[in-house]
Number of protein chains: 2
Amino acid sequence: MAYDPDNIFAKILRGDIPCKKVYEDDHVLAFFDIAPKTPMHVLVIPKGAYVSHDDFSANATDAEIAALTRAAGKIARDLGLAESGYRLIANAGENGGQEVPHYHVHILGGAYVGPMVSRR
Amino acid sequence: MAYDPDNIFAKILRGDIPCKKVYEDDHVLAFFDIAPKTPMHVLVIPKGAYVSHDDFSANATDAEIAALTRAAGKIARDLGLAESGYRLIANAGENGGQEVPHYHVHILGGAYVGPMVSRR
């Protein structure tokens with residue numbers, strides 16, 4: 001899948017759409033989800049144009065990958081989630097339920113997040 | 001929290017308990033979950049003794065972090081999940097629902113994984 005430069009996270013990265021920023025460094029931007037699924041719900045994205053985890057894991061540099069993981073940990077600590085716990089989720093494609101075609105990691109916390117997979 | 005060298009993943013890493021191995025490299029081991037929550041359910045773990053995502057993100061090397069992310073992507077591709085999609089989950093602490101105190105990432109796929117957070 002080609003990267004769509006008009007996806008909402010690309011617009012946030014360009015500053016065309018505002019966000020409630022939580023963290024930023026050379027490789028990473030993080031902001032609160034506008035429709036939080038738990039009391040704390042943050043999205044962590046690479047600044048590079050990666051469509052999905054498949055794309056990111058194959059094509060990002062070690063520095064970009066390390067920056068994203070370290071940022072997720074730091075943000076959780078800074079938000080006070082390290083003690084109480086949190087869940088990281090990255091959705092890829094249709095079976096994963098990925099909605100925005102720019103790789104992103106959800107940090108979910110502030111309450112028990114629930115079972116990993118709900119009974120269907 | 002101190003690392004418990006008797007946790008089940010430490011025993012798997014030492015070869016004291018068998019696993020259905022999917023992938024291995026210098027930094028990473030991956031194997032099928034013995035109680036799969038979706039048709040495909042793989043656990044990806046660092047070989048280093050990291051209790052949690054908090055520990056791993058703060059203390060692992062860039063090479064270890066990149067290896068884990070790249071391995072998760074490669075495993076998903078090799079299992080045929082890249083096209084259909086998948087979900088990566090890392091649980092940290094109590095609110096995340098972490099059960100084994102050795103950092104691990106779940107790869108869930110083979111069917112639609114469902115909503116990220118179930119209604120309670």
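Basis for what follows: all heavy atoms, side chains included, without hydrogens, waters or symmetry-related copies.
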Salt bridge check: are R14(A) and D6(A) linked by an N-O gap of less than 4.0 Å? yes
Chain A contacts, top residue of H106(B), R77(B), E94(B), E83(B) (heavy-atom pairs, under 4.5 Å): R77(B)
Hey, which of T69(A), L68(A), L88(A) has the most heavy atom pairs under 4.5 Å with chain B? L88(A)
Part of T61(A) within contact of chain B (heavy atom distance under 4.5 Å): backbone
Check: N59(B) side chain, F56(B) main-chain N or O, donor-acceptor pair, under 3.5 Å: no
Using a 4.5 angstrom heavy-atom cutoff, name the option from S84(B), A66(B), G93(B), G109(B) with the most pairs to chain A. S84(B)
With a sphere of 6.0 Å drawn around CD1 of I17(A), does it hold more than 12 non-hydrogen atoms of other residues, nucleotides or ligands? yes
Would K20(A) count as a cation-pi partner of F32(A), with NZ or CZ less than 6.0 Å from the six-membered ring centre and within 45° of the ring normal? yes
Interface residue of largest heavy-atom contact number with chain A, from G73(B), A82(B), A71(B), A90(B), under 4.5 Å: A90(B)
Quick one: what part of A58(A) sits under 4.5 Å from any heavy atom of chain B, side chain, backbone, both or neither? both
A72(A), part contacting chain B, at a heavy-atom distance under 4.5 Å: both
Side-chain (D16(B)) to main-chain (K11(B)) donor-acceptor, under 3.5 angstrom: no
Answer yes if the ring centres of Y3(B) and Y103(B) are under 6.0 angstrom apart, and no otherwise. no
